[in-house]
Amino acid sequence: MPDRARTPIREVVGEDPVELAGALLRNYPQGRWISRERERLTNAIDRAIDRVTGDKP
């Protein structure tokens, strides 16, 4: 990995990750943001499975 400064995750998400998630949802149009993130997650999982099973390059 490149030599870069590491930011502790708690500095990014704070002490309560659930509150961070709630804040993000309050600040974005719910349907658009959550739909896009669900699609990104699904696609990432599909790509990971394809790499493990060798179904796709």
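Heavy-atom basis, side chains included; hydrogens, waters and symmetry copies ignored. Residue indices begin at 1 and follow the sequence shown. Note that the structure is a prediction, hence the values are computed from the model and not measured.
Atom CZ of Arg10 has more than 12 neighbouring heavy atoms from other residues, nucleotides or ligands inside a 6.0 Å radius.
In this structure, the separation between CG on Asp46 and CD on Glu39 is 10.5 Å, given to the nearest 0.5 Å.
Shown here are the side chain to side chain contact (heavy atoms under 4.5 Å, CB included) partners of Glu11, two or more places apart in sequence or in another chain: Thr7, Pro8. Residues passing the side-chain hydrogen bond (donor to acceptor under 3.5 Å, both in side chains) test with Arg40, sequence neighbours excluded: Glu37.
Leu41 belongs to a hydrophobic cluster whose remaining members, ordered by chain and number, are Ile45, Ile49; membership requires side-chain heavy atoms of ILVMFWY residues under 4.5 Å apart, directly or through intermediates.
Follow the hydrophobic side-chain contacts under 4.5 Å out from Leu20 and you reach Ile9 in the same cluster.
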